[in-house]
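Comments concern the structure below.
A quick note: this is a predicted structure, and the numbers were derived from the prediction, not measured. Proteins come first, then strands; the chains are lettered A, B, ... in the order of their sequence lines, and each starts at number 1. What's counted below: heavy atoms across the whole structure, side chains too, no hydrogens, waters or symmetry copies.
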There are 2 protein chains.
Amino acid sequence: MAKMIDVARLAGVSVATVSRVLAGSAHVSRETREKVLRAMADLDYKPNLLARNLRKMESKTIVVVIPDISNPFFSDVIRGIQHVAKEHGYHVLLGDTQNDVDAEWDFIEMIKERAADGVILVTARTSPEKIMEMAQEVPLVMACEYIQGAELPMVTIDNVISAKRVVDHLAALGHRRIGFIAGPLHVIISRDRLQGFVLGLREHGLEQDSSLIVEGDFSIPSGYDQAVRLLQLPEPPTAIFASNDEMAIGAVKAVKQMGLKVPQDVAVVGFDDIPMATVIEPALTTICQPKFEIGKKAMEILLQLIQQSNRSHGHLKLPEKLIVRDSCGGRLKG
Amino acid sequence: MAKMIDVARLAGVSVATVSRVLAGSAHVSRETREKVLRAMADLDYKPNLLARNLRKMESKTIVVVIPDISNPFFSDVIRGIQHVAKEHGYHVLLGDTQNDVDAEWDFIEMIKERAADGVILVTARTSPEKIMEMAQEVPLVMACEYIQGAELPMVTIDNVISAKRVVDHLAALGHRRIGFIAGPLHVIISRDRLQGFVLGLREHGLEQDSSLIVEGDFSIPSGYDQAVRLLQLPEPPTAIFASNDEMAIGAVKAVKQMGLKVPQDVAVVGFDDIPMATVIEPALTTICQPKFEIGKKAMEILLQLIQQSNRSHGHLKLPEKLIVRDSCGGRLKG
DNA sequence: CTGTTAGCGCGTTCAG
DNA sequence: CTGAACGCGCTAACAG
């Protein structure tokens, strides 16, 4: 493996000059540059990034911490991150925590070991205090998840408004008794979606029956189980709003299993718009998060943080979209 | 950020000693070690991996090259890789090519720049010759995909046998006219599956009608389109075997759309066993690749390659499983 | 425009 | 068991 000094010798110049053409510096004559370029080609020279990184004290790598790589929701976010990372010569290290809090922290600490220049958190099981403290010291951006009132850069949608929009839609279709399957309520975005739901009920003058609000864990089975609970109520809802698509899919299964039809007997709405939402029958009406955009934006902000171009960053909320498909049908009769 | 010399000074020892306790060397008195450990804790010392990597001329990072991170098939493979990578202190860099051949090559070249110690190829659009040549020079393992007759480590299932098993199953259910939706035939595993299909037909004395074999591109829409072609045949098949689950899902949609029922009128079988296979109705009968195991095994072999413990590695074939669900029903009547 | 030189922080000889 | 000193390959001052 040829190194810089080999190139320098072959080209009859100093290592500094080789380094300069590598960096694309203007202070090299065309003639010299070509000599060097030829020598590099002859020797099939590739710069040793290990050495460069040490010298520049950067890794040109960022780590994106996600709770579970199997979850299709995250792939688009990662793609967005990757898109701008690549443009700027950064590599993306995968920080799949498998829902392990300690692993999450390990990845964040990689920055202190200089194994990464920055981190994007797409999960945040670690204590908010620790994260906020860490954010003071290293370039850190949160995406999809956020911390209430924190002073660090966060890119999400407005989960309250989004959930409220679903209720608007359902109310417009004539639904007056709507069941809600919340996500785990220790997660802030779950609470936000619940809040948006309640807000919507209130605004449309719909009844607020606490037995219509149940809590799942974002999994298909939990959606199924909680939907069954709702449907077995003495006065079951005519629509079920699940806090994510997986639970909505479980809910659809439950409805069908009980001999009812979606959307004729029970409308179902999800949240997130994962690929499966279009595969299930009927195709799911849901809220589409701009996942790719969130990733892009998060990475752009991280880049600014790394380059110390310290613009003040706070909570950035990107617009979501309500995707109307078949799972809540037309206007309710009667 | 404290460095080694700071720890050394505080502990009243030399940097060499600090380095030794860091490496867990036995040649340090318990007393000294404790002094050093305490100093490290006091200073919140974290070794600078950039420096260590340069010194040891390794990055402790491997890159896994995948064609598209959005494809759910790959997440389990990655999880398997990650599982053993983590055990051995390696980081996993995501090499998402977005189906771009040049990007594939860029990631492989990272090894020459010492930005990665090895590479696992879960895609191989680049020319086989280039890959084989590269494999001579750097630690490289292929997973899921492979190169015919190559001398490099490859971990896959036996696609021929697997496809044949599907035909066995279908034949046992009484199907005699089976349609086959191949993957893109420039990909070797697509050809293998086709070969297994033909093999199965022959073994069971089923008719080989070339109009029953069509080619898709592994996408849902292509599965839909090709299934329509099959079903519009003068003598349509009673079963459709798609070369992956996405195409099978498309096929199921096509069958339903034409007013037919799965599996009563047309049985459908997929390949891969992605999560969606259980969500669609009816749940898909399919071949389950041991994705996690493939990833694990590939990473284990890569580790051996990196550590130069050069055992001879060739094509390793892991056992697949036929998962019988609802999409091909019971024995065909008549 | 080009060359010389000094580290980046660590691991690893070699002495003692 | 411990310390001194060198160098991994490169970039960035500084000098010319």
>> Expressed as a whole number of angstroms, how long is the span from B:Asn48:CG to C:dG9:C1'?
In response: 6 Å

> Nearest to the side chain of A:Val15, which nucleotide is it out of C:dT5, C:dT2, C:dG9?
Replying inline: C:dT5

> Got more than 12 heavy atoms from elsewhere within 6.0 Å of CD, B:Glu31?
Replying inline: no

>> Any base atoms under 4.0 Å from B:Thr17, or only sugar-phosphate, or nothing? Heavy atoms, all strands.
In response: sugar-phosphate

> For DNA chain D, whose closest nucleotide is more 5', that of A:Ala51 or that of B:Gly12?
Replying inline: B:Gly12

> Is the CD atom of B:Glu151 crowded by more than 12 outside heavy atoms at less than 6.0 Å?
Replying inline: no

>> Taking A:Glu34 first and then A:Arg30, would you say they form a salt bridge - that is, a charged N and a carboxylate O separated by under 4.0 Å?
In response: yes

> Do A:Asn53 and A:Ser59 have a side chain donor and acceptor closer than 3.5 Å?
Replying inline: no

> Please walk me through it: do B:Tyr146 and B:Asn159 pass side-chain hydrogen bond (donor to acceptor under 3.5 Å, both in side chains)?
Replying inline: CA-CA 11 Å; B:Tyr146 74 99; B:Asn159 286 281; over 6 Å; no

> How long is the line joining CZ of A:Arg9 and P of D:dC10, in whole Å?
Replying inline: 12 Å

> What integer distance in Å separates A:Arg114:CZ from C:dG9:P?
Replying inline: 9 Å

> What's the verdict on side-chain hydrogen bond (donor to acceptor under 3.5 Å, both in side chains) for B:His313 and B:Gln304, showing C-alpha distance, side-chain angles and the deciding distance?
Replying inline: CA-CA 10 Å; B:His313 295 294; B:Gln304 294 176 7; 3.1 Å; yes

>> Just the rounded figure in Å: distance from C1' of C:dT12 to NE2 of B:His27.
In response: 13 Å

> At under 4.0 Å between heavy atoms, what does A:Met4 touch on the DNA or RNA strands: base, sugar-phosphate, or nothing?
Replying inline: base

>> Can you identify which nucleotide, out of D:dA12, D:dC10, C:dG9, has its nearest atom closest to the A:Lys3 side chain?
In response: D:dC10

> Can you tell me if the side-chain N/O atoms of B:Tyr45 get under 4.0 Å from OP1 or OP2 in C:dG9?
Replying inline: no

> B:Arg125 pairs by side-chain contact (heavy atoms from CB on, under 4.5 Å) with which of B:Thr97, B:Val101, B:Asp100, B:Asp102?
Replying inline: B:Val101

> If you look at every strand shown and take non-hydrogen atoms under 4.0 Å, does A:Val13 touch a base, only sugar-phosphate, or nothing?
Replying inline: sugar-phosphate

> Can you tell which of C:dC10, D:dA13, D:dG9 lies closest to the side chain of A:Arg20?
Replying inline: D:dA13

>> Side chain of B:Ser29, heavy atoms from C-beta onward: which of D:dT2, C:dG9, C:dG3 has the nearest atom to it?
In response: D:dT2

> Whole-Å distance between C:dG7 C1' and B:Arg55 CZ?
Replying inline: 16 Å

> Is the phosphate of C:dT12, meaning OP1 or OP2, less than 4.0 Å from a side-chain N or O of B:Ser19?
Replying inline: no

> For A:Arg52 and D:dA12, what is the distance between atoms CZ and C1' respectively, to the nearest whole Å?
Replying inline: 13 Å

>> Between B:Glu133 and B:Lys130, does any NZ, NE, NH1 or NH2 come within less than 4.0 Å of an OD or OE carboxylate oxygen?
In response: no

>> For A:Glu109, is there an ion pair with A:Lys112 - N to carboxylate O distance below 4.0 angstrom?
In response: no

>> When the axes are fitted on five pairs at both termini, how much does the helix from C:dC1-D:dG16 to C:dG16-D:dC1 curve, in 10° steps?
In response: 40°

> Can you check the B:Leu54 CG to C:dG7 P distance for me, whole Å?
Replying inline: 17 Å

> Phosphate oxygens OP1/OP2 of C:dG11: is one of them under 4.0 Å from a side-chain N or O of B:Lys56?
Replying inline: no

> With the threshold set at 4.0 Å, does a side-chain nitrogen-carboxylate oxygen contact exist between A:Arg79 and A:Asp76?
Replying inline: yes

>> If I take atom CE in residue A:Met1 and atom P in nucleotide D:dC8, what distance separates them, rounded to the nearest angstrom?
In response: 16 Å

> So which of residues 30-38 of chain A are in contact with DNA chain D, with a heavy-atom cut-off of under 4.0 Å?
Replying inline: none

